[in-house]
**Student:** 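Submitted below is the structure of interest, expressed as structure tokens.
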2 protein chains.
Amino acid sequence: MANGSVRTIAMLRADPRLANSLADTRLASFPFLTPEERAAMRDCAATRRPVRIGMELVREGDPVDTVYFLEDGWACQYTTTRDGRRQISALLLPGDICNLDALLFRQLDVGVRMLTHGSVLAVPRERVATLAANYPGIMQCFTWLGLSENTILSRRTLCLGRLSARERLAHLLCELAVRLGHVASEGPVTFAMPLTQEHIADVLGLTPVHVNRSFRQLRTEGLLSSTRGTIGVCDIVALRRAGEFQPGYLHVQELRNGSTIDLRDANRRETLHMFEGPR
Amino acid sequence: MANGSVRTIAMLRADPRLANSLADTRLASFPFLTPEERAAMRDCAATRRPVRIGMELVREGDPVDTVYFLEDGWACQYTTTRDGRRQISALLLPGDICNLDALLFRQLDVGVRMLTHGSVLAVPRERVATLAANYPGIMQCFTWLGLSENTILSRRTLCLGRLSARERLAHLLCELAVRLGHVASEGPVTFAMPLTQEHIADVLGLTPVHVNRSFRQLRTEGLLSSTRGTIGVCDIVALRRAGEFQPGYLHVQELRNGSTIDLRDANRRETLHMFEGPR
DNA sequence: CGCCTATTTGATCCTCATCAAAGAATGTGG
DNA sequence: CCACATTCTTTGATGAGGATCAAATAGGCG
């Protein structure tokens with residue numbers, strides 16, 4: 001079962017008491033970081049905290065002064081209406097930052113909640129801010145991650161506003177497959193999915209009942225084989241087409257092949273220009 | 001009519017041929033910018049370009065190497081499906097940055113299109129990158145703006161996923177009122193609205209017909225008085241409640257009273273700590 | 001084994017989409 | 001200044017996708 005496997009991974013890691021390092025998060029995957037910046041990330045003190053399923057890292061509307069880096073397990077950002085309707089605005093996977101907004105905003109309108117057991121690295125805002133202020137490369141990572149969340153949200157907007165239930169589900173599963181690392185694989189893909197259909201409903205803006213029916217539809221069409229806790233994608237090409245999915249917006253490709261833009265490059269080139277004269 | 005008034009404002013400004021400055025955009029509103037940073041923004045060369053209604057600043061999926069700062073008029077970010085359904089993911093008002101993503105991404109999945117006549121300041125990515133690399137305060141503005149777009153998108157996600165048509169419309173109008181500067185006014189508010197009902201439908205994930213019906217509903221309930229090109233909010237409190245609107249997520253308040261976080265502050269305090277000894 | 005939670009399926013209802021067409025505003029050219 | 005085309009708004013009639021209500025089944029866990 002999914003929760004079990006997630007917890008297992010957590011247990012294979014270092015002693016939970018041990019303060020652990022930001023270098024294990026997605027932050028480390030940016031190609032333009034200097035050795036000093038990587039060292040600063042390693043040396044940045046962070047309290048590793050095991051968190052149980054259902055735990056609220058940030059309560060909706062509460063003031064925040066801690067940035068949480070998700071080490072293991074899944075989490076989500078969500079909002080609720082006064083009468084209790086809930087919408088999940090972002091799914092957070094291992095390595096993601098749970099509430100980057102806390103770097104610049106004292107108060108968030110969204111809550112953050114664990115969807116599985118797992119563990120987070122908690123870092124006071126002050127400390128993250130210092131890191132960002134002293135190391136431009138790290139600051140750029142934060143900006144990059146923020147803009148990247150943006151493109152994901154824009155795309156989700158299209159899903160919620162214009163796609164049918166079947167299309168939304170197909171899209172979500174494609175997105176998760178890519179974000180979990182099954183990138184451009186053409187063959188069948190299988191991955192653990194700790195979300196319940198109710199969670200999925202809260203992501204897709206549907207009812208759990210209708211999510212279930214959409215699953216069945218995709219299954220009978222031969223695109224999927226879903227069992228509790230596991231998704232098997234039988235026909236990934238068809239699933240992509242069904243979900244209007246184009247992986248470009250996730251920007252994983254750039255990170256992999258190291259073609260991300262480095263702002264300092266621009267600066268270096270400008271300096272060159274000064275010596276060479278204008279244009 | 002709305003378009004006309006927008007154009008009028010544009011004409012009151014300086015010579016359209018003249019290269020204009022970034023200090024006229026929302027960038028200038030950040031309290032923590034140093035005089036040098038403000039000067040750098042003023043000195044940053046930008047070509048001012050009048051743009052006509054319907055013009056595409058960025059075509060969906062095309063590579064981009066220019067950042068557009070919206071000076072006058074309204075624009076939007078949008079996405080379309082293969083079969084032509086369209087979703088507007090962001091409305092851009094005067095002062096907004098149209099495609100901040102272009103700072104760090106070479107290719108965008110969203111298009112940017114003018115919804116009225118207006119004018120933009122076009123700045124090559126390189127030049128914005130240099131600015132960001134040399135002036136940490138400006139870099140922080142970009143990050144702030146990115147994260148701010150994020151919270152707006154998260155909220156839109158709630159609207160699209162969980163609110164009824166009437167609620168969505170009420171929410172959008174409240175958001176626009178605040179973003180246009182009619183902040184906490186309790187009395188009746190009137191503002192120009194150049195969007196057609198079709199545009200609104202593309203924002204809210206509805207059909208134009210249903211947007212029209214939602215308008216009529218709000219009008220007969222006595223919350224609104226809408227005519228072509230103008231919105232009159234009669235009962236702002238009721239409209240807020242109808243749209244589940246809480247203005248906090250827009251973070252305009254912090255900007256106004258200057259309570260935005262300055263990352264350099266954290267750094268200064270840390271330095272103090274070093275002299276005072278730990279804790 | 002029994003409790004609890006998650007998935008599955010059925011029946012009915014309602015919100016919103018679709019199709020169609022008439023009216024108001026705006027802009028254009030003569 | 002008026003006739004006409006165009007675009008936007010408004011209203012009606014009908015249909016479909018998804019919500020809601022209800023209950024049965026299956027799976028995980030103590």
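Computed from heavy atoms alone, side chains included, the values below leave out hydrogens, waters and symmetry copies. Within every chain, numbering begins at 1; the chains are lettered A, B, ... in the order of the sequence lines, protein sequences first and strands thereafter.
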**Student:** How many Å lie between CG on A:D202 and C1' on C:dA6, as a whole number?
**Tutor:** 14 Å
**Student:** What's the verdict on side-chain contact (heavy atoms from CB on, under 4.5 Å) for A:M193 and A:L176, showing C-alpha distance, side-chain angles and the deciding distance?
**Tutor:** CA-CA 9 Å; A:M193 247 279 293; A:L176 286 177; 3.7 Å; yes
**Student:** Is the backbone N or O of A:T66 less than 3.5 Å from a side-chain atom of A:N99, with the two atoms forming a donor-acceptor pair by type?
**Tutor:** yes
**Student:** Any ring pair (Phe, Tyr, Trp, His ring centres under 6.0 Å) involving residues 187-232 of chain B? Give me the pairs, sequence neighbours left out, ordered by first then second residue.
**Tutor:** B:H182-B:F191
**Student:** Tell me the salt bridge (Lys or Arg N to Asp or Glu O under 4.0 Å) pairs involving residues 198-207 of chain B, sequence neighbours left out?
**Tutor:** A:R162-B:D202, B:R86-B:D202
**Student:** Report the distance from atom CG of A:L115 to atom C1' of C:dA6, rounded to the nearest whole Å.
**Tutor:** 15 Å
**Student:** Both A:R162 and A:L195 contact DNA chain C. Taking the nearest nucleotide for each, which residue is further toward the 5' end?
**Tutor:** A:L195
**Student:** How long is the line joining CD of A:E198 and C1' of D:dA19, in whole Å?
**Tutor:** 14 Å
**Student:** Looking just at side-chain N and O atoms, do B:T157 and A:Q87 make a donor-acceptor pair shorter than 3.5 Å?
**Tutor:** no
**Student:** Which whole-number value in Å describes the distance from B:Q217 CD to C:dT15 P?
**Tutor:** 10 Å
**Student:** Given 3.5 Å as the limit, does a donor-acceptor pair link the side chain of B:T116 with the main chain of B:G73, or not?
**Tutor:** no
**Student:** Pick out the pairs of N or O atoms, protein on one side and nucleotides 10-14 of chain D on the other, that lie under 3.5 Å.
**Tutor:**
residue : atom : partner : partner atom : Å
D:dT10  : OP2  : B:Q197  : NE2          : 2.8
D:dT10  : OP2  : B:N212  : ND2          : 2.9
D:dT10  : O5'  : B:N212  : ND2          : 3.3
D:dT11  : OP2  : B:R216  : NE           : 2.9
D:dG12  : N7   : B:R213  : NH2          : 2.5

**Student:** Side chains of B:R219 and B:S226: donor-acceptor distance under 3.5 Å anywhere?
**Tutor:** yes
**Student:** Rounded to 10°, tell me the angle between the two end axes of the helix from C:dC1-D:dG30 to C:dG30-D:dC1, each built from five pairs.
**Tutor:** 50°
**Student:** Please report the distance, rounded to the nearest Å, between CZ in A:R228 and P in D:dA26.
**Tutor:** 12 Å
**Student:** Got a list of protein N/O to nucleotides 16-18 of chain D N/O distances below 3.5 Å?
**Tutor:**
residue : atom : partner : partner atom : Å
D:dG18  : OP1  : A:A165  : N            : 2.8

**Student:** Only one of A:L250, A:I152, A:T151, A:L158 passes side chain to side chain contact (heavy atoms under 4.5 Å, CB included) with B:D109; say which it is.
**Tutor:** A:T151
**Student:** Taking A:R48's backbone N and O only, do any of them form a donor-acceptor pair with A:E71's side chain (distance below 3.5 Å, no angle check)?
**Tutor:** no
**Student:** For residues 165-178 of chain A, which residue pairs pass the salt bridge (Lys or Arg N to Asp or Glu O under 4.0 Å) check, not counting sequence neighbours?
**Tutor:** A:R156-A:E175, A:R166-A:E221, A:E167-B:R85, A:E175-A:R179
**Student:** Tell me the interatomic distance from B:L169, atom CG, to C:dT15, atom P, rounded to whole angstroms.
**Tutor:** 17 Å
**Student:** Please work out which of the three classes, parallel, tilted or perpendicular, describes the rings of A:F245 and A:H171, given edges at 30° and 60°.
**Tutor:** perpendicular
**Student:** Report the distance from atom CD1 of B:I53 to atom C1' of C:dG27, rounded to the nearest whole Å.
**Tutor:** 13 Å
